[in-house]
Each structure stands twice: as structure tokens, then as C-alpha cells.
Amino acid sequence: MSSIVPREQLTPCGYMDILCCNGYNTKDVVCVTANGDNNFIDEGIVEGSLLFIDTSEKYQPGQLNVFKFKEEVTPQLKLSRKRISGTTYFGKVLMSVNQNK
């Protein structure tokens with residue numbers, strides 16, 4: 001069985017404020033827009049980049065992990081290579097797409 005999905009089937013979709021893509025074999029992949037402090041400019045992740053996050057992946061030190069905080073209001077996400085105290089692990093970055101011109 002092939003896991004390759006034609007690009008035309010990877011259409012954007014959304015739920016509340018989280019973007020995702022149809023066509024993956026998993027419902028665990030979400031897409032968010034990066035905004036904030038540009039700490040990961042060396043990785044090509046700048047404000048406005050799209051981050052595809054696999055919420056089923058386990059935390060991996062040194063990798064681009066995503067953490068969630070302020071759950072009682074609209075959740076805010078933070079990208080980090082190490083654990084951030086006071087946050088909940090959200091997932092691991094699969095891909096970043098820089099959409100700046």
C-alpha cells in the first residue's frame with residue numbers, strides 16, 4: 001500500500017483556529033501559522049511560515065517541538081528544542097513552509 005497522496009488531495013481545512021490538511025492517513029497532523037519572536041530564523045521559520053505539526057509524535061529533545069500554554073483561554077503555542085515549564089507538550093514539527101515573499 002502506498003502512502004503517497006496526490007498534492008491535489010492535500011487541501012487545507014480547519015477546525016476553530018487550527019488549520020490542517022485533508023489527505024493524510026492520520027488526523028493528528030495540524031497546521032498553524034508561525035508568529036512571534038522569530039527565534040528559529042536559522043531553520044527558515046519566520047513570521048508567517050506554516051508549521052505542520054504531528055500531535056501524535058512523542059517529545060524529542062533537540063528536535064523542533066511545540067508546546068501549548070494558557071489552556072483556559074485560547075491556547076497559545078510555543079516552538080522549542082527543550083521542555084518549557086508550565087506548558088503541555090503539543091506535538092513535533094513535521095515541516096515548515098515559508099510563505100513570505
Side-chain angles (χ1 to χ4, degrees):
M1 175 185 223
S2 175
S3 62
I4 297 174
V5 177
R7 182 176 61 180
E8 295 79 24
Q9 293 181 14
L10 299 176
T11 56
C13 60
Y15 175 73
M16 298 177 77
D17 289 337
I18 297 178
L19 300 172
C20 55
C21 287
N22 289 326
Y24 285 98
N25 293 333
T26 176
K27 294 182 180 181
D28 299 325
V29 176
V30 297
C31 179
V32 298
T33 305
N35 59 8
D37 50 18
N38 284 339
N39 282 338
F40 292 92
I41 202 159
D42 291 339
E43 315 285 342
I45 300 173
V46 296
E47 190 162 343
S49 294
L50 298 176
L51 299 178
F52 290 83
I53 303 164
D54 188 342
T55 60
S56 68
E57 284 284 324
K58 296 185 188 289
Y59 168 75
Q60 295 179 6
Q63 298 295 311
L64 293 174
N65 297 287
V66 181
F67 297 89
K68 178 172 57 171
F69 62 99
K70 297 187 179 178
E71 293 186 45
E72 66 279 353
V73 294
T74 303
Q76 295 181 353
L77 302 176
K78 180 76 174 167
L79 191 61
S80 179
R81 292 192 179 277
K82 58 184 179 180
R83 287 205 182 268
I84 303 172
S85 63
T87 64
T88 304
Y89 177 73
F90 184 73
K92 184 173 164 282
V93 175
L94 293 174
M95 176 176 60
S96 169
V97 178
N98 182 346
Q99 55 181 0
N100 295 333
K101 294 180 181 183

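For reference, positions follow the sequence shown, starting with 1. It should be emphasised that the depicted structure is a prediction, and the values quoted were computed from it without experimental measurement.
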Item to complete: Kindly say whether the aromatic ring centers of Phe90 and Phe67 come within a distance under 6.0 Å.
Response: no

Worksheet item: Within the distance-only criterion (no hydrogens, no angle test), does the side chain of Asn65 pair as donor or acceptor with the backbone N or O of Gln60 below 3.5 angstrom?
Response: yes

Practice prompt. Tell me whether Tyr89 is reachable from Leu79 by hopping between hydrophobic residues (I, L, V, M, F, W, Y) whose side-chain heavy atoms are closer than 4.5 Å.
Written response: no

Discussion item. Show the nearest heavy-atom pair for residues Thr87 and Phe69, with the distance to one decimal.
Written reply: CG2-CB, 3.8 Å

Discussion item. Does any part of the side chain of Leu51, heavy atoms only, come nearer than 4.5 Å to the side chain of Val66, both counted from C-beta?
Written reply: no

Practice prompt. Kindly indicate, with the supporting measurements, whether the criterion side chain to side chain contact (heavy atoms under 4.5 Å, CB included) is fulfilled by Ile53 and Val29.
Written response: CA-CA 5 Å; Ile53 303 164; Val29 176; over 6 Å; no

Worksheet item: Got Phe52 and Val93 here, is their nearest side-chain heavy-atom distance under 4.5 Å?
Response: no

Worksheet item: Taking only residues at least two apart or on different chains, which pairs with a member in residues 82-97 satisfy salt bridge (charged side-chain N to carboxylate O under 4.0 Å, His left out)?
Response: none

Response to the item:
Here the gap from Asp54 atom CG to Asp28 atom CG, rounded to the nearest 0.5 Å, amounts to 6.0 Å

Practice prompt. Start with the C-alpha distance between Leu50 and Val32, add both sets of side-chain angles, then the distance that settles side chain to side chain contact (heavy atoms under 4.5 Å, CB included), and finish with yes or no.
Written response: CA-CA 6 Å; Leu50 298 176; Val32 298; over 6 Å; no

